[in-house]
Colleague: 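Take this structure first; my questions come after.
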Amino acid sequence: MVSAKVKVINPLGLHMRPAQLFVRTITPFDCDVTVLAAGQSINAKSIMNLMAACIKQGTEIEIRCEGPQEQAALEAAVAAVRGGLGE
Amino acid sequence: MMIRGVGASAGIGIGRAVCVRPQALAFSQVPAGTPRQEKDRLAAAAVRFAADTSAMAAGLRTRLGNQEAEILEGQAAMIEDPVLRRQIDDAIDGGSSAEGALDAVCGQYAALFDAMDDAMMRQRAADVRDLRARMLALLLGLPRQDLSALPPGTVLVAYDLTPSMTVDLRADCVAAIVTEAGGFTSHGAILARALGLPAVLGAAGALEQLADGQTVIVDGSRGQVICAPTPAQLARYQGLQAQFLRGRQALKAYRRGPTRTADGTAVQLLANIASPGEAAAALDCGAEGIGLFRTEFLFMGRQTPPTEEEQYRAYAQAAEAMAARPVIIRTLDAGGDKTVPCLAMPAEENPFLGCRAIRYCLAHPALFKTQLRAILRAGALHGNIRLMLPLVTGPAQVRRTRALLAECRAELAAAGLPFDPDMTVGVMIETPAAAMDADLLAREADFFSIGTNDLTQYILAVDRGNAAVAELYNPFHPAVLRAIRRTARSAREAGIPVGMCGEAAADPRMLPLLLAFGLDELSVSAPSVPAVRAAAAHWHVADARALADRVMEADTADAVQGLLDDVLARKGAGGEQAAPV
């Protein structure tokens, strides 16, 4: 298992558009991806649960990846969040 | 008979009703197959749903732009959500049909999104319901509701207008739109405005009361739907419709900035809003920013004042919608005629002369600082937010607010939250005191904005609500005009911008005076923006100054208005004012 912490910079948090981009980024990797935020543990490949977590700007999230492609998945996920998820 | 709703897209539409009732999606009679069969059916429907939806999104993107398309792309992503699919499969394993399982799981998510305190997330509930209805239709083998073959002159009446329904809607066949659900910011409203179709949304009972083929008048400016109109009503509305279309045509060129006078002097033309959702409509009308964001609405209709987080989201939404354009947020203007129940303000003998607006806020620093922190944080997003203080009478109030702002910044820095370190702080000039000591205020304030409603009533000592003296209330009174001129002069001498955000700013008769006094910015209601821009383009500042010189010699409000009316009638300037846009 590998993990990293990263801050969400999107002005309106992880709403539909950035959440969708996040899911699309990590879905191809063969591993489980979990986001820990505000005491919740979220299956990060689920756009519904990611949106339902209502993650706001400035929230520090922890991304955990576990499985054969965990390292590559983590790097892609962290880069996507740091880059503002297309916003 | 009339049905009322929200006027979500201006204009008058007259046509015959076509009622699109929600499809009957009953599935209780559908026999469930084996779990394997049901899961396969669900999976096959999901593949089709995703493909259809992505194709619709691509079609909408070219026709209507990104916003509607993104909603559909989001729905395509939702049906591919592995957790949602596992929950549906689990329900099928528990004995449900594919339809029953889908219905139950979508219902849970819709309820979850419905309960959120974030308006944008609540919109997702509508998306989940649309997904549910379309997936059920696919599973039941029902045809997709087809709006491509509407007869010309259709008044489309529906429960709600979802992005998926709008894909093959042909604007040239639709005279107007009426829905039972939705409001000014819902998908249907955005769509109607994008297509330039009159629309009344939130018209409860419309599907029950209207029948297919019935003649209907839709007044999207006033939010009214008139069923089975009399010949007299029909004639009247045909006249209004023609007038509206002429006005819109004449103002078409003025729906975009910049705003310039005939000699090329730039004026910034902004819009007044009362909620962040109105920002989109303001942009649509060609506003170059928000000149007055009234924050009282955030405090209305609730038991406790809004939290910093709630306020932040509202301010952030406005900042976001306007991007690089300015957004002037007025701090809480409670008291006077604006009662805010959640604050439980004590009754006063003279509320207009009492503890209201900035006075109330400075007397309640915890409440005030909550708002200031939220505004400072929203200012960090684009650096486009400016702070404006209501009912200021002297520089000490500005200094006190700046001290509180410094405290707020320190608190935000300690909490690690981003904020605007250098926010512009302006004052409203709406008391005689502020107009008199404008030279002193100009040393403390970064800008002035003249609020004509309060300024007029305080300068003239007239209660607008008192019928016995109401006719004395007149912003064209020489005393009010002198206060405006004096304020503008003080601002110019101090080198700070000065604007106006009262109703008078949209009056074509006031415009030449404001241009002559050298106002830099005007903020008016969003629908007035094109008309004010058109009127400004008619004036040379030199002519406006010559006229102002004469006007300032007149010694009654009647004489002032008489002079201005004469000049405007001869000039024809502001002639487009007649038709609302």
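Chain A is the first sequence line, chain B the second, and so forth, proteins listed ahead of strands; every chain is numbered from 1.
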Colleague: Applying side-chain contact (heavy atoms from CB on, under 4.5 Å), can you list everything that pairs with B/Pro305, at least two apart in sequence or on another chain?
Modeller: B/Phe299, B/Cys342, B/Leu343, B/Leu367

Colleague: Using only the distance criterion (under 3.5 Å, no hydrogens considered), which donor-acceptor pairs connect chain B with chain A?
Modeller:
| unit_1 | atom_1 | unit_2 | atom_2 | d |
| --- | --- | --- | --- | --- |
| B/Glu70 | OE1 | A/Arg17 | NE | 3.0 |
| B/Glu70 | OE2 | A/Arg17 | NE | 3.4 |
| B/Glu73 | O | A/Gln20 | NE2 | 3.4 |
| B/Asp81 | OD1 | A/Ser46 | OG | 3.0 |
| B/Asp81 | OD2 | A/Ser46 | OG | 2.7 |
| B/Asp81 | OD2 | A/Ile47 | N | 2.9 |
| B/Asp81 | OD2 | A/Met48 | N | 2.8 |
| B/Tyr109 | OH | A/Asn49 | ND2 | 3.3 |
| B/Asp118 | OD2 | A/Lys56 | NZ | 2.8 |
| B/Tyr312 | OH | A/Gln57 | OE1 | 2.5 |

Colleague: Nearest heavy-atom pair of B/Met116 and A/Cys54: which atoms, and what distance?
Modeller: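 Heavy atoms of B/Met116 and A/Cys54 come nearest at SD-SG, 4.0 Å.
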
Colleague: Mind checking what makes side-chain contact (heavy atoms from CB on, under 4.5 Å) contact with B/Ala101, not counting sequence neighbours?
Modeller: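 B/Ile88, B/Ala91, B/Ile92, B/Ser96.
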
Colleague: Is it the side chain or the backbone of A/Ile42 that comes within 4.5 Å of chain B heavy atoms, both, or neither?
Modeller: neither

Colleague: State which residues pass side-chain contact (heavy atoms from CB on, under 4.5 Å) with A/Ala19; sequence neighbours excluded, sorted by chain then number.
Modeller: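 A/Ile47, A/Leu50, A/Met51.
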
Colleague: What part of B/Leu112 is in contact with chain A, defined as an atom under 4.5 angstrom from a non-hydrogen atom: side chain, backbone, both or neither?
Modeller: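 B/Leu112 touches chain A through side-chain heavy atoms alone.
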
Colleague: More than 12 heavy atoms of other residues, nucleotides or ligands under 6.0 Å from CZ of B/Arg409: yes or no?
Modeller: yes

